[in-house]
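First up is the structure itself, then whatever we jot down about it.
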Amino acid sequence: MATIRKNPQKALAESLKAARKVSQDGIINSSLLKRKHREILTDAGWLVEIIKGWYVLSAPEAVGNTAWYGVFWGFIKQYLIGRFGEDGFCVSPEASLNLHAGDTTIPEQIVVHTKKASNTTVLLPHGSSLLLITDVKNFPKQLEVWNGVTIMPLPLALCRIPPAYYRKNPRNIEIVLKLSSLSIAAISRCTLGTEAISAAERIIGAYEYFGEKANSDQIKNDLIAAGYHLEVKNPFEEYAPVLGSLRSASPYAGRIRMMWFSMRERVLAIMPREPGLKSGAENRLGDIQEIYQEDAYHSLSIEGY
């Protein structure tokens, strides 16, 4: 027989209060929330199951995939830390380099290397998944953290990514190689320490293709001095560099510049010669006031309000 709650609004408010106390990054582990609160919030649409034992806490008005995509990386952090500990997992070289490049696009699958036994696939909402691989032997000795997610240091990620990454994600390569914080000496040390000579040849070839002769020569000379014979190759296929000689302190700055340069010509092609703004500051302010409510409406709608 179903339980009849005398004051459902009060019960919902109490459950929301309890849920928010244990919520982290919009994610709730069911072991931290009493069953009655889970049932009330699930029935009201405030809790949506990700996988067994894990929920998204989100307003029922959230549309489509918005709630999931908004908490994706928060869930990855909470789930992996809860299962393997803060230093017991590390995402793959490809995923690590994506994040170093400021590419936070939700991938179909993230490969995660673990110290504890795993070797399983965790199916996630909307066709995404985690592939967990036990890899104690090759587990990185040094780790970095991106928003709570453990990733490989950039030089190591560059040494471990496969050749196909250069063809599939050339923009990410250009962004990270143009970072002012990237140490060329660290790349040399990593390639020598891991004996990733083929990877070094690709990195040297990429720097040469981007016109960074000093950087390519430094890595090349370091490896030659260590006794290696190199066959430098251009790892890209039909990719035109965008950033030129610009260097970025942040990958997001490089990504914004890249988007600007790549889209500028297409925007100019469709941009009318006269935007249609009335001359004079008062007229322009009047135009802004006219569209203010409509603009606010669309902005709030996107955020789910």
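Bear in mind the structure is a predicted one, so any value in this text is a computation, not a measurement. Below, all heavy atoms of this structure are taken into account, side chains as well, without hydrogens, waters or symmetry copies.
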Can you name the closest pair of heavy atoms from L156 and C190 and give their distance?
CA-SG, 3.5 Å
Between I81 and G148, what is the shortest heavy-atom contact and its length?
CD1-O, 3.8 Å
Of all residues at least two apart in sequence or in a different chain, which pass the ring pair (Phe, Tyr, Trp, His ring centres under 6.0 Å) check with W73?
W146
Between the main-chain N or O of A157 and the side-chain N or O of S96, is there a donor-acceptor pair closer than 3.5 Å?
no
Taking S248 for the side chain and P251 for the main chain, is one N or O donor matched with an acceptor at less than 3.5 Å?
no
Would a single hydrophobic cluster contain both V149 and L154, if residues Ile, Leu, Val, Met, Phe, Trp and Tyr are joined by side-chain heavy-atom contacts under 4.5 Å?
no
Under the salt bridge (Lys or Arg N to Asp or Glu O under 4.0 Å) test, which residues partner R264, sequence neighbours left out?
none
Between S118 (side chain only) and T120 (backbone N and O only), is there a donor and an acceptor less than 3.5 Å apart?
no
Do the non-hydrogen side-chain atoms of P107 and F72 ever get within less than 4.5 Å of each other?
yes
Return each pair, listed once, that meets ring-ring contact (aromatic ring centres under 6.0 Å, His included) where at least one residue sits in residues 27-47; pairs must be two or more places apart or across chains.
none
Just to verify, what does D295 make a side chain to side chain donor-acceptor pair (under 3.5 Å) with, not counting sequence neighbours?
none
Report the residues that fulfil ring pair (Phe, Tyr, Trp, His ring centres under 6.0 Å) with Y209, sequence neighbours left out, ordered by chain and then residue number.
F236
If we ignore angles and hydrogens, is there a donor and acceptor under 3.5 Å between the side chains of E174 and Y239?
yes
Keeping the roles fixed (side chain from T42, backbone from E39), state whether a donor-acceptor pair exists under 3.5 Å.
no
Keeping to residues at least two apart or across chains, list the side chain to side chain donor-acceptor pair (under 3.5 Å) pairs with something in residues 149-165.
N98-Y165, Y165-N172
Can you see whether S30 engages R38 through a side-chain donor-acceptor pair at a distance of less than 3.5 angstrom?
no
To the nearest 0.5 Å, what is the distance between CD (E14) and CG (N7)?
8.5 Å
Applying ring pair (Phe, Tyr, Trp, His ring centres under 6.0 Å), name anything that partners Y55, two or more places apart in sequence or on another chain.
none
Return each pair, listed once, that meets side chain to side chain donor-acceptor pair (under 3.5 Å) where at least one residue sits in residues 187-206; pairs must be two or more places apart or across chains.
S188-D222
Are the side chains of M258 and R255 in contact, using a 4.5 Å heavy-atom criterion?
no
Quick check: is F89 connected to L131 through a chain of hydrophobic side chains (ILVMFWY, heavy atoms under 4.5 Å apart)?
no
So which pairs with a foot in residues 86-114 pass salt bridge (Lys or Arg N to Asp or Glu O under 4.0 Å), sequence neighbours left out?
none
Could you name each residue pair satisfying salt bridge (Lys or Arg N to Asp or Glu O under 4.0 Å) that touches residues 176-185, not counting sequence neighbours?
K178-E212
Compare every heavy atom of P140 with every heavy atom of M152, then report the nearest pair and how far apart it is.
CG-CG, 3.9 Å
Going hydrophobic residue to hydrophobic residue with side-chain gaps under 4.5 angstrom, can you get from V111 over to I161?
no
May I ask you to test the I184-I219 pair for a side-chain heavy-atom distance under 4.5 Å?
yes
Would you kindly say whether N29 and Q78 are connected by a side-chain donor-acceptor distance under 3.5 Å?
no
Can you hop from L177 to L97 via hydrophobic side chains spaced under 4.5 Å?
yes
Under a 3.5 Å distance rule, please check whether S15 uses its side chain to pair with a backbone N or O of A11 as donor and acceptor.
yes
So, taking the atom named CG in L143 and the one named SG in C90, what distance separates them when rounded to the nearest 0.5 Å?
5.5 Å
With distance as the sole test, does N215 use its side chain to make a donor-acceptor pair with the main-chain N or O of Y207 at under 3.5 Å?
no
Check whether any side-chain heavy atom of W68 sits under 4.5 Å from a side-chain heavy atom of V71, and report yes or no.
yes
Report the distance from atom CG of L223 to atom CD1 of I197, rounding to the nearest 0.5 Å.
4.5 Å
Which atom of G53 lies closest to which atom of E49, heavy atoms considered:
N-OE2, 4.1 Å
Hey, are the side chains of L132 and V122 touching, using non-hydrogen atoms and a 4.5 Å cut-off?
yes
Should the pair F75 and W54 be assigned to parallel (<30°), tilted (30 to 60°) or perpendicular (>60°) ring geometry?
perpendicular
Heavy atoms of A19 and L41 approach each other most closely as CB-CD1, 3.5 Å
Could you check whether any side-chain heavy atom of L182 comes within less than 4.5 Å of a side-chain heavy atom of I187, counting everything from C-beta outward?
yes
Rounded to the nearest 0.5 Å, how far apart are CG of L130 and CG of L80?
6.0 Å
Do V48 and L57 come close enough that some side-chain heavy atom pair is under 4.5 Å?
no
Atom pair CG (L179) and NE2 (H100), whose distance is rounded to the nearest 0.5 Å:
9.5 Å
What residues form a side chain to side chain contact (heavy atoms under 4.5 Å, CB included) with K220, not counting sequence neighbours?
I204, E208, D217, I224, L230, V232
Within one Ile-Leu-Val-Met-Phe-Trp-Tyr cluster: I133 and Y79, side-chain cutoff 4.5 Å
no
Any residue meeting side chain to side chain donor-acceptor pair (under 3.5 Å) with S129, in chain and number order, not counting sequence neighbours:
Q109
So which atom in S183 and which in A186 form the shortest heavy-atom distance, rounded to 0.1 Å?
OG-N, 3.1 Å
Quick one, V112 and I110 - any side-chain contact, counting heavy atoms below 4.5 Å?
yes
Could you measure the distance from the CG atom of N147 to the OG1 atom of T104? Nearest 0.5 Å is fine.
9.0 Å
CA sep, side-chain torsions, deciding dist, call: I40, L47, side-chain contact (heavy atoms from CB on, under 4.5 Å):
CA-CA 9 Å; I40 290 172; L47 277 187; over 6 Å; no
